[in-house]
Each structure stands twice: as structure tokens, then as C-alpha cells.
Amino acid sequence: MPLQPLLPASALAANMAEIKPPLRPQEAAVEAHRCLYCFDAPCITACPTGIDIPAFIKKIAFGQPAAAAKTILTANILGASCARVCPTQVLCEGACVLDDRDEQPIQIGRLQRFATDYVEQHGLTIDFALAASTGKKVAVIGAGPAGLGCAAELARLGHRVTVFEKQREPGGLNTYGIAYYKMKPEVSLAEVELVKSLGVEIRCGVTIGRDVSVAQLETEFDALFLGIGLGAATKLRIPGEELPEVQDALEFIARIHTEPLEGIPLGRRVAVIGAGNTAIDAVTQSKRLGAERAFIVYRRGEPEMSAYDFEYDHAKDDGAHFLFHAAPVEVVATNGHVSGLKLVRTRLVGDQVEVMPGTEWIEPCDLVLKAVGQEKQAALLRTLFPSLSIDGKGIIQRDPLTGATNLPHVFTGGDCANGGREVVNAVGEGKKAAHAIHTFLTQGIATPPIQPSRLGAKQGASGSGLLHPIRAHELEAALSRKHQTA
Ligand code: SF4
């Protein structure tokens, strides 16, 4: 059956409204006063961008939300979007000491949103401290969270930064790939304006290797940061995958962000393959767009799901179903359109998935959304940077503390370097790389060449990768100074 919009605009507006409403001023004040303002606060350590959480909460408690926002945005320029999309339950709020006292942890995410919304809604300008110009120029490839985090930090350190983005709009996953009921694209685009206000130039619709060559970048700029994220959805490699109603879950989510909701075509029965957080976003949004039945297909069991528990609970609350220990073997068509998904039972033998022959059945559906991960961009990277070290999984080999690659002038961070983590991890990595680039550009400390074999051995042994001892010391000192002044 062809796909079609299922609900009127009024119902869609209600279904897609934000699930976490903002705190009112009185609520924010009461919540802020619950904080113990811990010395050596574990919530700060749990934040990948190192926001001084007790400091900003105290400013809210004292009626200074704009000052609170400055503390947040100085540490994390994407603090407004992170307030909405961070898995706070497993980061800052998961580390809150009140949890150990059997009390509700402080609602750090909602307080962060309260402060950053205040600045945006009142049209206030944050007076960020900007260092004197160094005369150095840095090209950032990719305007997603890692690229924007890096660009903002570099600009504040006094460098001229140009960000190149192949999409029409900047922001990456924040603009196109977050469930609509968690965050609207306007929040992401407002943050981009904040980055631009630091003097960062952002050129959208520019594809490196086609519109601008790497050689041109290397001639014009003193250093490069790669924040290109991941590629298209991983293929299922099963018959019927080429049917028009088999779609990439991230592209489906992007349509929700870029097209009128009442025009989004949907199936009455939607199958989502995968069990990560993107799969959860896809299945819940399908329900909220009007699907009668939306279900997750996962070849392992509930305990092995990579989606967070709170996301899983949220999907169940929205009426999503879960088919565990089931693997797709064929997309079934009737008259050229998807009519079902042939599945087979699986079982776990150790940590291996074993198919159980003879257990196939067909689950009726009109739309199949693929959420089994994204392809790495190894082929593109090898074309653009033939000498760049890339590991066997297609991930850029880099020093995880600095983002330094084996090419002295090239740094990286975010999904293309970590394989796919949270928005806040990408911002944190971009920020760390900015400090490493700053050291490289201002102190003439060249990045030591990374030997691929040495890197692999070290990472395998310690999981922490490489960091040149002198640079480690310098970087720690720089970051420490920054935290003290934030
Ligand atoms: Fe406040 Fe909890 Fe952080 Fe302590 S751990 S400073 S109580 S938010």
C-alpha cells in the first residue's frame, strides 16, 4: 500500500510537542536551591564538556539566569541543544550525589535549558572573552557538533576559522537527526548563529574534493579539523531492500525536520530494524505521526539493546512493540510496494547470533526503516587524505585526548573519530582538539607522527590511546586554566 500522511496538522502538532516542557522561573529557583554545590562535584567530571554545573546552578538560585548561561556556553557552545538531547540520566544527573541519598538527582538538563532559553528568549548577547588574533587560519570540515565545538573554541583562542559544510544548513545531527519531540531544528540553528557571532565563517553547500580541494585548504589554512561524522545507513543486504518503502531511519527523521509534518508519507504498519537510540527515535516518531503499529526488529534480546533504558521505556509508553531475537531475511512486496518483512528466529550462543532455520514468518508492514548503524567514511577519507591513518573499522586513528592524527596539521573529533557517540561527546572532542590545534599553531609543537602499529598496540593495552607526555602536560594545564576562568 502506498505511503501517505495519516493525521491532520492539529493532531501532529500535539503529538510532536516537546516531551520535556521548560521549567517555569519559580520551578527553576526551587530546583536550583536543592543543589548542594558540591566541592569536587562529580556532575562536572561526568560532563564531557566540563561545564561547571554547581556554579551555573548557583547563579540560577541567585536569580542570574544570563550569568548561568554564560557559564554553560563558555564550556559548551551547544549547551542549549545538549540540555535537550543529552542522556543526562547516565551523565551529569547519573553522577549527582543526591542519587546516593535516595533523593531525586538535580534536574541539571532542565536547569541548563532554563538558563540558555532565557538568553535566547530575551535576545541577550553573551560577552565571551576573545583572545587577540593569532593571525592563524583553521579550516573545519563539517558543521556538526564536533566541528562547531572546535570552531567556537578556536575562535575564542584568537584564530580565524572557516567551517565547510556540504549540507544546505549547518548543525549536522542537531539540525537534521534528533527526534522532533526532543528538539526543534530552530534551537540548533540559533546555536550556529552564536558560533558565527564569535567571528566564525560557515560556508554551506560546499563539498570538499568537489568544490574545494584539500590542496587548496592546505595552502590557505594553517591546520585542518575533520568533523565529517558518519555516512549513509548500513545496508541490510537482503532481497527487497531496493523497494521505495525501505528507507534510512535518519533520512526519515530528517524529513520530519525539513518538511511540513502533515505532508510526511507514512505506512500504517512500520518496521524499524535495529535497537539503538536512532531506532527508538524512528519508532516513536512513527507512532506519533499516526502509525497504527510500529515495531522494532532486533536480532538479539532486550538486555543487549544499545538504546538507553529511559528511551526504551519511552518507546513502550508510546505504544511501540519489540520483536527480539528476530532477524530480517527479505522485504516482501505486493504490486511493487512493501507488504511485509520476512523474519527468522535467532538465538544467542555466547555473544554470537545464530539463525534458527525453519522458523521464518512474515510480519505485515508498509514501511521499513533501517537503523542498524551508519557506514564509515573510509573511502572518502582515503580519497581526500591518502596518507591519513584509518583503522580496520574505517575510523580515523587519532589521539583521543587531543584529536591529533598522524598528519601534523590534521586533527579530528566526533563520530568519524569515535565511531558514533553522543552530541556532547562530539562537542567535547572538538573542544579538546581546538586546544591541541592552538598549541600546535602558537607554540610550534608538532604533533608526533603516530605509527599505526604502535597506536593499535597501545589502545589495545590501555584503551586510552597515545598522548605525547609533554603535550599531555601542556594540554592539562591549558584545560585546567580554562575551567578556572569559565
Ligand atoms: Fe549539585 Fe548534584 Fe552536582 Fe552536587 S552532584 S553539585 S548536588 S548537581
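Order of listing sets the numbers, starting from 1, for every ligand and every atom in it. We use all heavy atoms of the structure for the numbers below, so side chains are in, but hydrogens, waters and symmetry mates are not.
Evaluation of the ring pair (Phe, Tyr, Trp, His ring centres under 6.0 Å) rule for Phe128 yields no partner, not counting sequence neighbours. Judged as a side chain to side chain donor-acceptor pair (under 3.5 Å), and not counting sequence neighbours, Thr45 has no contacts.
Distances shorter than 2.8 Å separate atom 2 (Fe) of ligand 1 from the protein N/O/S atoms Cys96 SG.
Aromatic ring orientation, Tyr312 versus Phe324: perpendicular (interplanar angle above 60°, classes split at 30° and 60°).
Of the listed residues (Arg84, Arg110, Arg288, Lys182), just one forms a salt bridge (Lys or Arg N to Asp or Glu O under 4.0 Å) with Glu18, and that residue is Arg84.
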Report, one line per pair, each donor and acceptor closer than 3.5 Å where one atom sits in a side chain of residues 23-35; sequence neighbours left out.
{"unit_1": "Arg24", "atom_1": "NH2", "unit_2": "Glu27", "atom_2": "OE2", "d": "3.4"}
{"unit_1": "Glu27", "atom_1": "OE1", "unit_2": "Arg24", "atom_2": "N", "d": "2.7"}
{"unit_1": "Glu31", "atom_1": "OE1", "unit_2": "Arg34", "atom_2": "NH1", "d": "3.3"}
{"unit_1": "Glu31", "atom_1": "OE2", "unit_2": "Arg34", "atom_2": "NH1", "d": "2.8"}
{"unit_1": "Glu31", "atom_1": "OE2", "unit_2": "Gln107", "atom_2": "N", "d": "2.8"}
{"unit_1": "His33", "atom_1": "NE2", "unit_2": "Ala61", "atom_2": "O", "d": "3.3"}
{"unit_1": "Arg34", "atom_1": "NH2", "unit_2": "Gln104", "atom_2": "O", "d": "2.4"}

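Judged by the 6.0 Å and 45° rule, Lys166 forms no cation-pi pair with Phe164.
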